[in-house]
Amino acid sequence: SEQNLKNAIRKTMLCAEGAVSYAFQGGEPTLRGIDFFEKVVEFEKQYNKHGIRVNNALQTNGYLINEAWCEFFQKNHFLIGLSVDGTKEIHDSYRHTKDGKPTFDRIRHAAELMSRYGVEYNILAVVYRKAVSRIQKYMSLIKNKDGITSSILLVLIR
């Protein structure tokens, strides 16, 4: 609820020293909508009585990222973690819409938008067994694509 959000931010801001970091992840945070995150930023400004540094990070599958999200992230200095699980073939076999449609191209478009808008982001990849043999191809795909070069966190699954 908005009240829980307000209380959480108020209490952490009042006792933080130097800096405070908020990370939004689990499920899909963008489903909350931009209004929710505008409230986050509003409460952070309202309760930042000691002028500390505030860091916001959001982990997303990127499916809902559009120009409005990119403007918001850039303006408010959010660090975005974008989930991309390998090559198009591998990613689409694990991450698809409810009706089974692929998502890789849409996620790549989200990365391109974030690059265009100057949003700071990195890639989080879950490396499944069948992806390990193609890891070099995946890494070159990421390194060669404009804007997808900042950092990569690999999560290995047995």
Side-chain angles (χ1 to χ4, degrees), residues 5 8-9 12-13 16-45 48 52-97 101-158:
L5 176 65
I9 291 173
T12 54
M13 292 293 264
E17 295 179 12
V20 64
S21 297
Y22 298 102
F24 301 92
Q25 60 189 41
E28 177 50 43
T30 58
L31 289 173
R32 290 299 311 243
I34 291 176
D35 292 347
F36 174 83
F37 291 98
E38 286 173 340
K39 278 289 181 195
V40 166
V41 172
E42 178 185 322
F43 291 143
E44 289 170 347
K45 289 176 182 174
N48 192 355
I52 62 172
R53 189 176 74 246
V54 178
N55 302 307
N56 286 299
L58 185 144
Q59 183 65 41
T60 179
N61 64 22
Y63 197 74
L64 298 178
I65 301 302
N66 58 22
E67 288 84 357
W69 276 109
C70 289
E71 287 174 6
F72 173 82
F73 292 148
Q74 195 280 332
K75 176 184 172 190
N76 295 290
H77 310 287
F78 272 62
L79 170 63
I80 305 304
L82 184 63
S83 300
V84 183
D85 293 342
T87 61
K88 178 179 173 60
E89 172 193 5
I90 293 168
H91 176 91
D92 285 342
S93 71
Y94 289 105
R95 293 185 186 259
H96 44 78
T97 63
K101 293 182 180 171
T103 61
F104 185 87
D105 291 337
R106 190 157 176 178
I107 304 325
R108 173 178 258 163
H109 178 68
E112 291 166 354
L113 276 176
M114 289 191 291
S115 292
R116 188 177 331 139
Y117 279 83
V119 175
E120 186 179 354
Y121 71 99
N122 56 43
I123 302 295
L124 181 136
V126 176
V127 180
Y128 300 94
R129 184 173 300 176
K130 70 180 183 180
V132 170
S133 64
R134 297 182 186 111
I135 196 74
Q136 287 180 318
K137 181 179 179 183
Y138 175 54
M139 295 299 285
S140 67
L141 169 81
I142 290 171
K143 286 162 77 172
N144 292 333
K145 185 66 186 148
D146 282 348
I148 310 181
T149 58
S150 54
S151 64
I152 302 164
L153 170 62
L154 299 176
V155 178
L156 300 175
I157 302 293
R158 297 168 116 199

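These figures come from a predicted structure and were not determined experimentally. For this chain, numbers begin at 1 and follow the sequence in order.
- Residues Gln74 and Tyr117 share a closest heavy-atom pair of CG-O, 2.9 Å.
- To the nearest 0.5 Å, the span separating NE2 on His109 from CE on Met114 amounts to 10.5 Å.
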Notebook entry, point to check: side chain to side chain contact (heavy atoms under 4.5 Å, CB included) between His77 and Asn56: does it pass, once the steps are laid out?
Noted result: CA-CA 7 Å; His77 310 287; Asn56 286 299; over 6 Å; no

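- From Glu89, atom CD reaches atom OH of Tyr94 across 10.5 Å, with rounding to the nearest 0.5 Å.
- The CD1 atom of Ile34 sits 6.0 Å away from the CG atom of Asn66 when rounded to the nearest 0.5 Å.
- Taken to the nearest 0.5 Å, the NZ atom of Lys101 stands 11.0 Å off from the CZ atom of Arg106.
- Of all heavy-atom pairs between Gly62 and Ala110, the closest is O-CB, 3.5 Å.
- In this structure, the side chains of Arg116 and Cys70 stay at 4.5 Å or more apart for every pair of heavy atoms.
- Among the candidates Val40, Val54, Leu58, the single residue satisfying the side-chain contact (heavy atoms from CB on, under 4.5 Å) test with Tyr22 is Val54.
- Using the six-membered ring where Trp is involved, Phe24 and Phe78 have ring planes that are parallel, under 30° apart on the 30 and 60° scheme.
- Considering all non-hydrogen atoms of both residues, Leu82 and Ala111 come closest at CD2-CB, 3.8 Å.
- In this structure the side chain of Phe36 reaches within 4.5 angstrom of the side chain of Leu5, judged on heavy atoms.
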Margin query: Walk me through whether Thr97 and Tyr63 qualify under side chain to side chain contact (heavy atoms under 4.5 Å, CB included).
Written below: CA-CA 9 Å; Thr97 63; Tyr63 197 74; 3.4 Å; yes

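- No side-chain heavy atom of Leu113 sits less than 4.5 Å from a side-chain heavy atom of Trp69.
- Between the OG atom of Ser83 and the CD atom of Gln25 there is a distance of 9.5 Å, given to the nearest 0.5 Å.
- Ala16 and Ile52 make their closest contact through CB-CD1, 3.5 Å (heavy atoms, listed as atom of the first residue, atom of the second, distance).
- For the pair Glu44 and Asn48, the minimum side-chain heavy-atom distance is 4.5 Å or more.
- Note that CD1 of Ile107 and OG1 of Thr60 are 7.0 Å apart. Values are rounded to the nearest 0.5 Å.
- Considering only heavy atoms from C-beta on, Pro29 stays 4.5 Å or farther from Gln59 through its side chain.
- Side-chain contact check for Thr103 versus Asp92: some heavy-atom pair is nearer than 4.5 Å.
- For the pair Ile65 and Phe73, the minimum side-chain heavy-atom distance is below 4.5 Å.
- No side-chain heavy atom of Val20 sits less than 4.5 Å from a side-chain heavy atom of Asn55.
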